[in-house]
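Below is one structure, written out as structure tokens; the observations come after it.
Just so you know, these numbers come straight off a predicted model, no measurement behind them.
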Amino acid sequence: MCRVDLCLRPARGPLILVEVLPAGSVLTRLLALGAREVWVAPGPKVARLLAEAFPEEALLLGEVEGFPPEGFHGRLSLLDLEAAEVRGRRAVLSAPTLNASLLPEEEEVYLASLRNAKAVLEAARGLKAPTLRPSGAPEPLLSAVVALGFLKRKLAPEAPPSLPTLLLKAFPDPQEALFQSPEGQALHRQGRTEELAWASLIGVDPVVPKLAEVRFFPKEAHGLSRDRYAQRFVPWKG
């Protein structure tokens with residue numbers, strides 16, 4: 001049996017973190033295209049610090065209002081990845097929401113979206129009482145909650161209704177749910193509606209990202225406003 005937690009508190013046992021937009025689908029796609037690993041940073045400064053450790057292999061991705069920060073290789077875009085050199089590289093994402101959706105003490109974490117839903121469902125059936133958490137908790141992203149509802153319905157069809165499964169009934173079309181979400185509307189305003197169609201595809205990426213490392217960045221050592229953490233994900237081997 002799985003449980004849903006819309007709060008940000010330490011998970012008891014394995015955690016499946018659900019994010020479709022803005023970075024979750026991109027992270028999974030990077031690993032599906034052959035990236036060696038993907039780091040999730042809380043912002044551009046920590047992302048640059050990570051990339052400096054492997055300058056020849058780094059693929060630095062992020063965006064501010066639809067544009068990559070200075071020195072970055074590109075945006076958080078599924079479409080753009082199809083033309084990028086990804087295989088064998090170490091990707092670094094500036095993804096504040098995804099980064100803040102995990103607690104430093106959480107060790108067994110798997111990342112889910114719609115694009116890798118089939119692989120996640122297969123993996124989850126081998127986990128003992130996993131917790132499902134939407135990205136952005138305790139103020140979860142609408143797109144993440146709907147995707148979580150889809151996974152929850154598949155994993156525990158007989159379970160009592162919850163907020164995610166009730167929202168799923170309101171948005172039976174995943175693409176419509178992404179379009180109506182604030183994060184989807186942000187892409188729409190940038191003229192990137194096709195990104196929503198790509199992110200709404202179900203089960204096309206056969207990869208489950210698993211947390212492999214959490215790196216601590218003390219504020220005094222790096223000139224940060226507060227202590228920060230970055231997470232490293234690799235493909236789960238099962």
Side-chain angles (χ1 to χ4, degrees), residues 17 19-99 102 109-120 123 135 178 183-184 186-187 190-215 217 228-238:
L17 178 66
E19 182 178 293
V20 181
L21 302 170
S25 300
V26 170
L27 192 158
T28 299
R29 186 62 181 157
L30 282 162
L31 293 178
L33 290 172
R36 182 183 303 184
E37 61 189 19
V38 182
W39 285 90
V40 178
K45 186 166 186 177
V46 173
R48 291 188 184 98
L49 290 171
L50 284 164
E52 287 173 1
F54 35 85
E56 300 301 320
E57 300 173 293
L59 178 62
L60 196 52
L61 302 176
E63 58 185 79
V64 178
E65 297 182 355
F67 297 95
E70 183 178 355
F72 277 54
H73 298 106
R75 308 177 297 180
L76 298 173
S77 168
L78 287 168
L79 274 69
D80 293 352
L81 285 184
E82 299 307 303
E85 292 291 336
V86 173
R87 183 165 298 277
R89 301 184 72 177
R90 303 174 190 265
V92 182
L93 307 184
S94 175
T97 301
L98 182 57
N99 176 271
L102 290 173
V109 180
Y110 307 86
L111 184 63
S113 64
L114 292 172
R115 290 182 60 94
N116 73 336
K118 182 178 179 180
V120 169
S135 183
L178 299 190
E183 49 277 16
L187 287 174
Q190 296 166 15
R192 299 165 63 188
T193 305
E194 192 176 356
E195 292 274 354
L196 304 178
W198 281 55
S200 68
L201 297 175
I202 296 175
V204 295
D205 287 328
V207 177
V208 179
K210 183 179 182 182
L211 182 68
E213 180 184 350
V214 177
R215 185 168 298 182
F217 289 84
R228 300 288 187 177
Y229 295 87
Q231 302 99 2
R232 180 170 65 92
F233 285 86
V234 298
W236 183 50
K237 301 301 184 181

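Atom-to-atom distance recorded for L81:CG and L61:CG is 6.5 Å, nearest 0.5 angstrom. Atom CD of residue E19 and atom OG of residue S25 lie 8.0 Å apart, to the nearest 0.5 angstrom. Rounded to the nearest 0.5 angstrom, F233 CZ and L31 CG are separated by 9.5 Å. Rounding to the nearest 0.5 Å places CD of E63 at 9.5 Å from OG of S94. Atoms CG and CZ, on L60 and R89 in that order, are 10.0 Å from each other to the nearest 0.5 Å. Note that CZ of R87 is 7.5 Å distant from CG of L33, once rounded to the nearest 0.5 Å.
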Given side-chain contact (heavy atoms from CB on, under 4.5 Å), test V46 with W39 step by step and report yes or no.
-> CA-CA 10 Å; V46 173; W39 285 90; over 6 Å; no
Under the side-chain contact (heavy atoms from CB on, under 4.5 Å) rule, what do V109 and Q231 come out as? Steps first, then yes or no, please.
-> CA-CA 10 Å; V109 180; Q231 302 99 2; over 6 Å; no
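Looking at residues two or more places apart in sequence or on another chain, you find a salt bridge (Lys or Arg N to Asp or Glu O under 4.0 Å) between R75 and D80. Remark: E82 pairs with R29 by the side-chain hydrogen bond (donor to acceptor under 3.5 Å, both in side chains) rule, at least two apart or across chains. Contacts of R90 classified as side-chain hydrogen bond (donor to acceptor under 3.5 Å, both in side chains), with partners at least two apart in sequence or in another chain: E37, E57.
Taking each heavy atom of A119 and D205 in turn, the nearest pair found is CB-O, 4.4 Å. Closest heavy-atom contact between T28 and P209: OG1-CG, 3.4 Å. The two residues A123 and W236 have their closest heavy-atom pair at CB-CZ3, 2.8 Å. Residue L98 comes nearest to L111 through the heavy atom pair CD1-CD1, 3.9 Å, listed as atom of the first residue, atom of the second, then distance. In plain terms, the two heavy atoms of A230 and L50 that are nearest each other are CB-CD1, 3.8 Å. Residue V64 comes nearest to P69 through the heavy atom pair CG2-CG, 4.2 Å, listed as atom of the first residue, atom of the second, then distance.
Two residues are said to be in side-chain contact when any heavy atoms from C-beta on lie closer than 4.5 Å; L93 and L30 meet this criterion. Looking at N116 and V207, their side chains never come closer than 4.5 Å, going by heavy atoms from C-beta outward. Two residues are said to be in side-chain contact when any heavy atoms from C-beta on lie closer than 4.5 Å; R115 and W198 meet this criterion. Two residues are said to be in side-chain contact when any heavy atoms from C-beta on lie closer than 4.5 Å; Y229 and L102 fail this criterion. Using a 4.5 Å heavy-atom cutoff, the side chains of L78 and V26 are in contact. Within the 4.5 Å cutoff, no side-chain heavy atoms of L178 are placed close to those of L187. Proximity of Y110 to V120: side-chain heavy atoms (C-beta onward) are nowhere separated by under 4.5 Å. Looking at heavy atoms from C-beta onward, S77 lies in side-chain contact with E195 at the 4.5 angstrom threshold.
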